[in-house]
Amino acid sequence: MTSLRSRLIVGSALVALVPLVASMVLLSRQVESTVRTEATTRLDATLGGVALQLAADGERIAARLEILSADPQLKRLYLLHPAGSRELNEYLDERRVLLGLDFLQVADTSGAPVADAALAASALARGEPAPGQVEPPARRIESTGGRERPRLALEPLATADSGLALAANATIRYEREAVGSVHGGLVLDARLLARLGRSNGVDLALIDASGRAVATTLATPAGSAIRRSAPLAVGAAPQASLAGTVSTAAADRTVAALRLTSLVLGLLGLTLAILLGVLWSSQVSRPVERLAAFSQRLAQGDWEQPLALESVRELETLVAALDRMRRDLLAYRERLVASERQAAWGQMARTVAHEIRNPLTPIAIAMSDLKRSYEQGRPEFPQILEQAVRTVGEEVESLKRLVQEFSEFGRMPAPNPKLCRVSELFAELETLYGSECQAGRLVFPPRDREITLNADLGQLRQAMINLIRNGLEAVDGDGRVTVSAGVVEDAGQGSALEIAVADTGLGLTAEQRANLFVPGFTTKAQGSGLGLAVVARIVSDHHGTVAADGAVGHGTTFRIRLPI
């Protein structure tokens, strides 16, 4: 992800997606937390309210049974029929209905029941009373087996119905002596729990002292509910407890729907962000790519074509600055070219003046000597004349050669490249320097491998002649010049032809190597300093490089590299 376009796309996608995902996650968590907190509060309130209601009902039942135990009618029926009678059972059933109890019993002093409202309810159920007086059968609780009952307690039922009985006990006294007891209360079963928890949407379960659920309305899976329990402060320890469960299935469905909606919105937002990112990145990256291409042209020296770009204001400002820099570089290049041209002509003029002055001095001396000999009538005047003519001729030839070199350097034409073979170049050079090759002073490589390239063969021949001539002059008849050629891999340029011209002369110093290709620099007494400058110009026009290496006393090697 190194391109500007990909970063813009990813950035726009993150900008659109991260806030949406974060907000949806926070919202779903907030909704879930709120729902669970509300459910927990509702469950705790329900359990507390039911526990308080049952405790209040127990106290109310105990108080009513105290009143009933002092009822004269109950005492009369019980004392007249201590073993129980139908009339006593019917009276107990009436009192049960009036007191709002589920069961009511009368027991003797040993705790054995002698009358039960359930018996009267059973008789009514068999059709003995008049129509319209039918009551549902009352549940019965287990006998104490002669044990004295506590005043208020939760007791198991004697029937097969699951649940507990909230029971109270009151003593029947006659003349301040206990003659029996009244026992009654409410049945805590699943129907009562359903009625108590229906208003708040809570499922209740009654847990006895041993931890067993004796009545429950629970129908909610364990994974989608909140559970709480509260002890029932009725009777002695260990006490029964009331467990409550609130279903969170609806809240879970709401949160799941919210998360699904968040996912869909996230995908839509991501898609939209990617599309907008592609659009925006194209609007930004394309001008940047054009700026990069323009900068590359500037780096390559192409300063003629102006740059025009319509984009955002910042990029237009940058474009204007780059185009202004292009114009400044163009003007600077023109001034630099003019300055370099003037400097080159000045250098050339100084070099020409210096080189011409050298031949003119011997000519002036020869003419002066010739005139003086003629005026003096010296007998050896013919020999002096012949020597003067020879000196003038040699110096004139030197001047002609100097003028020719300067003419070639100043009128160097552009190369006319054609497909040519290196073997042809070496064959022409061997023919030109046949005597040197026969004497072993010049060695060319064997032509066992053909190398072709696109170049101006005539200019390459001229460059090689200059290098071979310099090498032969450096060895001065006592050494060897070796020419070699091969294909090398040039870093960043691909395959290249390398031609090396090595001599066994005295070599060069570091300062001499640094100035070899500067026009006018020479290490020879009679050199013009233009031969290697011509070589450098020819190689440069062929998009190649030329360099010299070697040290003092180890000869010199010139290497030309030309792209194939």
Side-chain angles (χ1 to χ4, degrees), residues 296-297 299-304 333 336-337 340-341 344 348 404-433 442 444-445 447 449-472 481-503 508 513-522 527-550 556-564:
Q296 187 175 5
R297 291 202 312 269
Q300 294 174 352
D302 184 7
W303 302 340
E304 302 296 334
R333 183 177 65 178
L336 182 62
V337 169
E340 289 180 348
R341 186 181 298 113
M348 184 175 295
Q404 180 65 26
E405 289 181 354
F406 275 106
S407 176
E408 291 177 355
F409 181 77
R411 294 183 305 165
M412 181 68 67
N416 183 21
K418 294 180 181 179
L419 193 64
C420 59
R421 293 189 295 270
V422 178
S423 60
E424 296 179 0
L425 174 63
F426 288 166
E428 294 181 6
L429 293 174
E430 281 187 278
T431 302
L432 182 61
Y433 291 96
L442 179 61
F444 285 92
R447 289 183 287 277
R449 178 185 177 188
E450 191 61 74
I451 304 175
T452 60
L453 76 160
N454 205 30
D456 190 322
L457 188 61
Q459 290 191 6
L460 288 185
R461 181 172 58 250
Q462 182 180 355
M464 290 299 298
I465 289 174
N466 287 343
L467 292 179
I468 292 173
R469 184 174 59 195
N470 283 351
L472 292 175
V481 176
T482 304
V483 179
S484 61
V487 177
V488 297
E489 292 297 327
D490 200 356
Q493 301 294 332
S495 298
L497 168 66
E498 182 178 274
I499 301 176
V501 179
D503 62 64
L508 299 171
R513 287 198 307 272
N515 296 282
L516 276 178
F517 303 102
V518 176
F521 178 80
T522 180
S528 64
L530 296 178
L532 292 180
V534 171
V535 173
R537 182 168 178 177
I538 291 174
V539 174
S540 176
D541 289 344
H542 283 78
H543 308 288
T545 60
V546 59
D549 54 35
T556 305
T557 301
F558 288 88
R559 302 182 188 276
I560 296 177
R561 284 193 179 184
L562 300 174
I564 296 181

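Computed from a prediction, not measured in an experiment: that's the story for all the values here.
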Is there a donor-acceptor pair closer than 3.5 Å between any side-chain N or O of Asp503 and the backbone N or O of Thr556?
-> yes
d(Ile560 CD1, Leu460 CG) to nearest 0.5 Å is 7.5 Å
Heavy-atom nearest pair, Val487 first then Ser495, reads CG1-CB, 4.1 Å
Using side-chain hydrogen bond (donor to acceptor under 3.5 Å, both in side chains) as the criterion, list what pairs up with Asp456, not counting sequence neighbours.
-> none
Step-by-step side-chain contact (heavy atoms from CB on, under 4.5 Å) determination, Leu532 to Asn466 | CA-CA 7 Å; Leu532 292 180; Asn466 287 343; 5.8 Å; no
Check Thr482, Val481, Leu442, Val535 against Val501 for a side chain to side chain contact (heavy atoms under 4.5 Å, CB included) and give me the one that passes.
-> Val481
Determine the sole option in Val539, Val488, Val546 for which the side chain to side chain contact (heavy atoms under 4.5 Å, CB included) test with Arg561 is passed.
-> Val488
Nearest heavy atoms of Ala485 and Pro445, plus distance in Å | N-CG, 4.2 Å
Looking only at heavy atoms, which two atoms of Pro417 and Pro415 are closest? And how far apart?
-> CD-O, 3.3 Å
Evaluation steps, side-chain contact (heavy atoms from CB on, under 4.5 Å), between Met464 and Phe558 | CA-CA 10 Å; Met464 290 299 298; Phe558 288 88; over 6 Å; no
Donor-acceptor contacts under 3.5 Å from residues 420-430 side chains, at least two apart:
residue: Arg421; atom: NH2; partner: Glu424; partner atom: OE2; Å: 2.8
residue: Ser423; atom: OG; partner: Glu450; partner atom: OE1; Å: 3.0
residue: Ser423; atom: OG; partner: Glu450; partner atom: OE2; Å: 3.0
residue: Glu428; atom: OE1; partner: Arg461; partner atom: NH1; Å: 2.4
residue: Glu430; atom: OE1; partner: Arg447; partner atom: NH1; Å: 2.5
residue: Glu430; atom: OE1; partner: Arg447; partner atom: NH2; Å: 3.1

Could you tell me which residues satisfy side-chain hydrogen bond (donor to acceptor under 3.5 Å, both in side chains) with Asp549, sequence neighbours excluded, listed by chain and number?
-> Arg559
For Ala502, side chain to side chain contact (heavy atoms under 4.5 Å, CB included) partners two or more places apart | Thr557
Mind checking the CG-CD1 spacing from Leu472 to Ile465? Nearest 0.5 Å is all I need.
-> 11.5 Å
Where do Ala455 and His542 come nearest, in terms of heavy atoms and distance?
-> CB-CD2, 3.5 Å
Which pair of heavy atoms, one from Ile499 and one from Val483, lies closest together, and at what distance?
-> CG2-CG1, 4.4 Å
